[in-house]
Amino acid sequence: MDSATKKNLQKIACKVRMGVIEGTYNAKSGHPGGSLSISDTLTYLYFNKMNVDPKNPEDPDRDRLVLSKGHTAPALYSVLAQKGYFPEDELKSLRHIGALLQGHPCIHIPGVDMSSGSLGQGISAAAGMALAGKIDNKSYKVYTILGDGEIEEGQVWEAAMFSAHYGLSNLVAIVDNNGLQIDGPITEVCSPEPITDKFAAFGWHVITMDAHDFDSIDKAFEAAEKITDKPVAIIQKSTKGKGVSFMENQVGWHGTAPNKEQYDQAMSELSAQLKELED
Ligand SMILES: Cc1ncc(C[n+]2csc(CCOP(=O)(O)OP(=O)(O)O)c2C)c(N)n1
């Protein structure tokens, strides 16, 4: 990836993170930690990989993204706002009664391809979309993002078995391996490790990447394109709360909104990161 493209993606990702903080602060609830860990990946997908057009969100030939870890909707909404699906201002009414953007992704929101939030279900929906694409001879790809805590759900493994059985090479599942789930480290709650070996054993092609390095992200998705006979699992090593110093690797920031003081600090850190990229 050339350095101009990389810098541009870094800047957008920074704005996406600001949107996550803006949304959860104004909602006084929501999930900042796991939203910040996928901000770079979502930015890459919507700005450098997926065939999508905010002016034609229902295009039957578009690539799809199912946010299986639906509680991290603030990141999806923020990237969709950056991409132009709806005004950025909508983020300020996240989770407000009657507002467009509710706590978990809803298919009625422009750019959202599937409602999600009940962990384990998103990957199943994504597998169905990928199978439909194969049957219809379409060339679209389906991406789905799962949490490493989410893959403790049994339904994920039924979908994994199904996807390999039907050779869904148009399906890419990204597992956000930030090591933490709702109330502790995944290895203490109910370890899904070794994650790479499990997906390989279920018949998937497995790739690993650093979720906060656009060169690594680019390499992983480029490699995924070359696989034509099986579904691809990208296991991304990430940091929960990435980009906001006091949120990084803190399980307490799974589902807690920042107060005014924390909002100010988070925004000033992210503004400084953006300024550095713009200089
Ligand atoms: C079926 C189901 N059970 C429980 C929950 C409540 N819940 C929301 S987030 C979460 C933890 C998810 O952890 P992980 O997938 O690692 O998310 P991340 O750390 O990436 O935010 C749980 C148990 C849910 N949304 N769905």
Side-chain angles (χ1 to χ4, degrees), residues 13 16-17 19-21 23-24 27 29-45 65-79 94-95 102-107 112 114-127 143-160 173-196 198-199 208-212 217 233-244 246-258 266:
V16 168
R17 290 192 163 92
V20 167
I21 299 302
T24 51
S29 63
H31 299 80
S35 296
L36 295 171
S37 62
I38 58 167
S39 294
D40 297 306
T41 306
L42 280 172
T43 300
Y44 176 85
L45 283 169
L65 184 131
V66 180
L67 186 63
S68 201
K69 47 173 252 174
H71 58 283
T72 55
L76 177 62
Y77 296 156
S78 190
V79 82
L94 174 70
R95 286 179 173 241
Q102 290 305 309
H104 292 77
C106 172
I107 201 163
V112 172
M114 178 51 70
S115 301
S116 58
S118 188
L119 297 172
Q121 293 184 354
I123 183 176
S124 302
Y143 297 92
T144 182
I145 304 182
L146 299 114
D148 53 3
E150 178 181 8
I151 64 170
E152 294 165 10
E153 281 282 350
Q155 181 173 350
V156 169
W157 300 103
E158 182 182 349
I174 300 121
V175 178
D176 185 30
N177 189 200
N178 60 33
L180 297 172
Q181 61 125 300
I182 197 167
D183 52 4
I186 52 162
T187 48
E188 284 173 24
V189 178
C190 181
S191 181
E193 296 287 359
I195 299 171
T196 50
K198 284 201 174 76
F199 273 94
T208 56
M209 75 181 191
D210 175 341
H212 308 306
I217 296 173
I234 298 181
I235 316 303
Q236 64 164 36
K237 192 81 210 112
S238 68
T239 300
K240 203 158 176 169
K242 177 71 181 177
V244 177
F246 59 93
M247 291 187 179
E248 288 191 2
N249 277 319
Q250 300 299 316
V251 75
W253 285 104
H254 171 82
T256 312

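When a ligand or atom number is given, it counts from 1 through the structure's own listing order. The residues of the chain are indexed from 1 along the displayed sequence.
The ligand atoms of ligand 1 that sit less than 4.0 angstrom from a heavy atom of Glu153 are 1 (C), 2 (C), 3 (N). Taking every heavy atom of Glu150 and a limit of under 4.0 angstrom, the matching atoms of ligand 1 come to 14 (P), 15 (O). Remark: ligand 1 atoms within the under-4.0 Å shell around heavy atoms of Gly34 are 21 (O). Atoms of ligand 1 lying under 4.0 Å from any heavy atom of Asn178, numbered from 1 in the order shown and given with element: 18 (P), 19 (O), 20 (O). Close approach of ligand 1 to Gly149 is summarised as follows: ligand atoms under 4.0 Å from at least one heavy atom of the residue are 13 (O), 14 (P), 15 (O), 16 (O). Which parts of ligand 1 touch Ser118 is read off a 4.0 Å heavy-atom cut-off, strictly below it: atoms 1 (C), 26 (N).
The protein heavy atom nearest to atom 9 (S) of ligand 1 is His254 NE2, 3.3 Å. Counting protein heavy atoms only, atom 13 (O) of ligand 1 is closest to Gln181 CB, 3.1 Å. Nearest non-hydrogen protein atom to atom 25 (N) of ligand 1 is Gly117 O, 2.9 Å.
The shortest side-chain heavy-atom distance between Leu67 and Ile38 falls under the 4.5 Å cut-off. Counting only heavy atoms from C-beta outward, the side chains of Trp253 and Leu36 never approach each other to under 4.5 Å. Looking only at side-chain heavy atoms (C-beta outward), Pro258 and Thr24 come within less than 4.5 Å of each other.
Of all the heavy atoms of Lys69, the ones lying under 4.0 Å from any atom of ligand 1 belong exclusively to the side chain. The proximity of Lys240 to ligand 1, defined as any non-hydrogen pair under 4.0 Å, is limited to the side chain. Of all the heavy atoms of His71, the ones lying under 4.0 Å from any atom of ligand 1 belong exclusively to the side chain.
We find the CG-NZ distance between Asp210 and Lys237 to be 10.0 Å, quoted to the nearest 0.5 Å.
Closest heavy-atom approach to atom 2 (C) of ligand 1 among the candidates Leu119, Asp183, Ile182: Leu119.
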Scan the side chains in residues 69-78 for donor-acceptor partners under 3.5 Å anywhere in the protein, sequence neighbours excluded, and list what turns up.
from	atom 1	to	atom 2	distance (Å)
Lys69	NZ	Gly34	O	2.9
Lys69	NZ	Asp176	OD2	2.7
Thr72	OG1	Lys69	O	2.7
Tyr77	OH	Gln102	O	2.7
Tyr77	OH	His104	O	3.0
Ser78	OG	Val16	O	2.8

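Note on ligand 1: His31 sits outside its first shell, no heavy atom being nearer than 4.0 Å.
Aromatic ring orientation, His254 versus His31: perpendicular (interplanar angle above 60°, classes split at 30° and 60°).
Qualifying salt bridge (Lys or Arg N to Asp or Glu O under 4.0 Å) partners for Asp40, counting only residues two or more places apart in sequence or in other chains: Arg17.
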- Item | side-chain contact (heavy atoms from CB on, under 4.5 Å) evaluation trace for Asn178 with Lys242 | CA-CA 10 Å; Asn178 60 33; Lys242 177 71 181 177; over 6 Å; no

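The environment of Glu193 atom CD is dense: over 12 non-hydrogen atoms of other residues, nucleotides or ligands sit within 6.0 angstrom.
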